[in-house]
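Accompanying notes for the structure given below.
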There are 2 protein chains.
Amino acid sequence: MLWINDCFRWDHREVQYNDDRCPRSSLTVELTPKTEYALLALMALIDGSAQGKAMKVNQITAQHGAIPERYLEQILLVLRRGGIIKSIRGARGGYLLAREPQSISLLEVVSLLNGSQNAPGETTSVSPEQSAIHQVWEQIHQTTRTTLDQTTLQDLWDRSDRHRSSSPMYYI
Amino acid sequence: MLWINDCFRWDHREVQYNDDRCPRSSLTVELTPKTEYALLALMALIDGSAQGKAMKVNQITAQHGAIPERYLEQILLVLRRGGIIKSIRGARGGYLLAREPQSISLLEVVSLLNGSQNAPGETTSVSPEQSAIHQVWEQIHQTTRTTLDQTTLQDLWDRSDRHRSSSPMYYI
DNA sequence: ATTAATCCACAGCATCTTAGTCGGAATTAG
DNA sequence: CTAATTCCGACTAAGATGCTGTGGATTAAT
């Protein structure tokens with residue numbers, strides 16, 4: 001006797017990964033550890049950079065308890081390649097901001113770290129319903145993009161400074 | 001002489017899964033396939049529900065080419081448990097909206113599907129710098145939340161309808 | 001020249017999330 | 001009863017993320 005299941009079993013010999021699923025627009029910014037580490041590091045670089053002093057990785061991590069050094073190295077590498085910071089190699093080396101903190105937007109940082117999102121995306125004949133959904137999400141993306149674009153590293157520092165003055169060093 | 005590095009070296013003898021890494025506020029809404037399927041299904045239910053007619057899963061997937069039936073079943077299950085739709089079991093069964101399309105916000109849908117996010121989160125002594133970062137992201141979350149809360153299923157349908165009338169059925 | 005400090009690079013690994021599947025149980029119509 | 005359909009829990013596969021390990025390459029101090 002032949003069971004239905006026997007007929008179907010073969011359908012799965014290769015997983016049929018939904019042909020037309022595109023890599024959805026992935027610029028819904030999440031605050032991942034990676035992003036947070038990067039921003040903390042950049043803020044840490046502000047002081048030294050103003051004085052032309054390079055900072056070492058372990059000096060950066062020393063300020064904030066829980067950043068894994070090796071991981072931060074990788075992140076800094078990406079930031080350097082993206083032209084946000086520059087590095088000095090060899091003994092007594094370290095990192096410096098490549099530009100003024102006012103000219104570094106959060107959007108630039110997160111875009112860099114999240115890789116090349118927004119691939120040109122072949123619009124595979126979306127239905128009106130899909131289109132409506134995408135519109136809403138596109139709107140959301142747009143506003144977050146704007147917010148991140150208008151917020152600079154300097155802004156971030158100003159905010160943290162305001163905090164610092166209001167409640168003095170309750171962290172190690 | 002004792003170097004600072006020597007004091008720290010032991011930290012790595014066992015993988016130190018960054019104790020205080022909390023499940024970041026995960027309500028940065030991404031348009032995942034799951035969410036899209038859910039919204040498409042809900043829109044498909046609008047017509048039938050108005051007439052009190054339940055729709056079967058395969059009727060829903062028939063409208064939109066690429067939704068895996070079995071997967072959609074699961075999603076509908078969640079929507080039902082969340083009180084957004086109701087179901088009729090057995091032969092001639094199917095699904096209906098549990099409420100008016102105007103009273104179903106997108107925020108409710110995505111919150112439901114993304115599980116219980118925003119766990120109470122013990123705020124583990126953040127530094128001022130971290131706090132500044134979190135503020136920015138919190139602001140972003142707030143605006144997206146507002147947008148999603150103000151957009152209802154009915155709005156979505158209106159949009160898609162507008163599209164449909166302007167360019168008649170170019171999809172199968 | 002040697003050595004030490006520091007960045008650079010890539011490969012690998014553990015965990016988590018997501019998308020999707022399977023098999024079958026419960027329910028209802030005819 | 002039988003067929004249709006929802007309900008349910010477990011399972012798998014692939015990818016992303018957050019690291020770690022190892023070994024360079026480059027420069028400064030001696």
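Quick note on labels: first sequence line is chain A, next is B, and so on, each numbered from 1.
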- The side chain of B/R70 lies closest to which of these nucleotides: D/dG18, C/dG20, C/dG24? C/dG24

Distance, rounded to the nearest Å, where [X] contributes [atom1] and [N] contributes [atom2]:
{"X": "A/E73", "N": "C/dA11", "atom1": "CD", "atom2": "C1'", "value": "15 Å"}
{"X": "A/I75", "N": "C/dC8", "atom1": "CD1", "atom2": "C1'", "value": "15 Å"}
{"X": "A/N58", "N": "C/dT6", "atom1": "CG", "atom2": "C1'", "value": "9 Å"}
{"X": "B/R89", "N": "C/dG30", "atom1": "CZ", "atom2": "P", "value": "18 Å"}
{"X": "B/Q59", "N": "D/dT5", "atom1": "CD", "atom2": "C1'", "value": "11 Å"}
{"X": "A/E36", "N": "D/dG18", "atom1": "CD", "atom2": "C1'", "value": "14 Å"}
{"X": "A/K56", "N": "D/dA28", "atom1": "NZ", "atom2": "C1'", "value": "12 Å"}
{"X": "B/Y95", "N": "D/dC7", "atom1": "OH", "atom2": "C1'", "value": "7 Å"}

- Note on the structure: Nearest-nucleotide check on DNA chain C, A/L76 vs B/K34; residue mapping nearer the 5' end is A/L76

- Item | Upstream residue (5' side of DNA chain C) when A/L77 and A/A91 are each assigned their closest nucleotide | A/A91

- Message: One thing to verify: whether A/K56 and A/E69 come together as a salt bridge, which I'm taking to mean a side-chain N less than 4.0 angstrom from a carboxylate O.
- Response: no

Minimum side-chain heavy-atom gap [X]-[Y] below 4.5 Å:
{"X": "A/S49", "Y": "A/Y95", "value": "no"}
{"X": "B/V29", "Y": "B/L148", "value": "yes"}
{"X": "B/R99", "Y": "B/E108", "value": "yes"}

- Do A/Q74 side-chain and C/dC8 base share a donor-acceptor contact under 3.5 Å? no

- Message: Taking donor-acceptor contacts at under 3.5 Å, does the side chain of A/R92 reach the base of D/dA29?
- Response: no

- Where each residue is assigned the nucleotide of DNA chain D containing its nearest heavy atom, which of A/T35 and A/G90 is assigned the position nearer the 5′ end? A/T35

- Item | Pairwise 5' ranking along DNA chain D for B/G93 and B/R81, keeping only the more 5' one | B/G93

Answer yes or no: does a side-chain N or O of [X] lie under 4.0 Å from OP1 or OP2 of [N]?
{"X": "A/S87", "N": "C/dT6", "answer": "no"}
{"X": "B/R80", "N": "D/dC8", "answer": "yes"}
{"X": "B/Y71", "N": "C/dT18", "answer": "no"}

- Check each of B/D158, B/T151, B/T152 against B/Q154 using the side-chain hydrogen bond (donor to acceptor under 3.5 Å, both in side chains) test, and report the only one that passes. B/D158

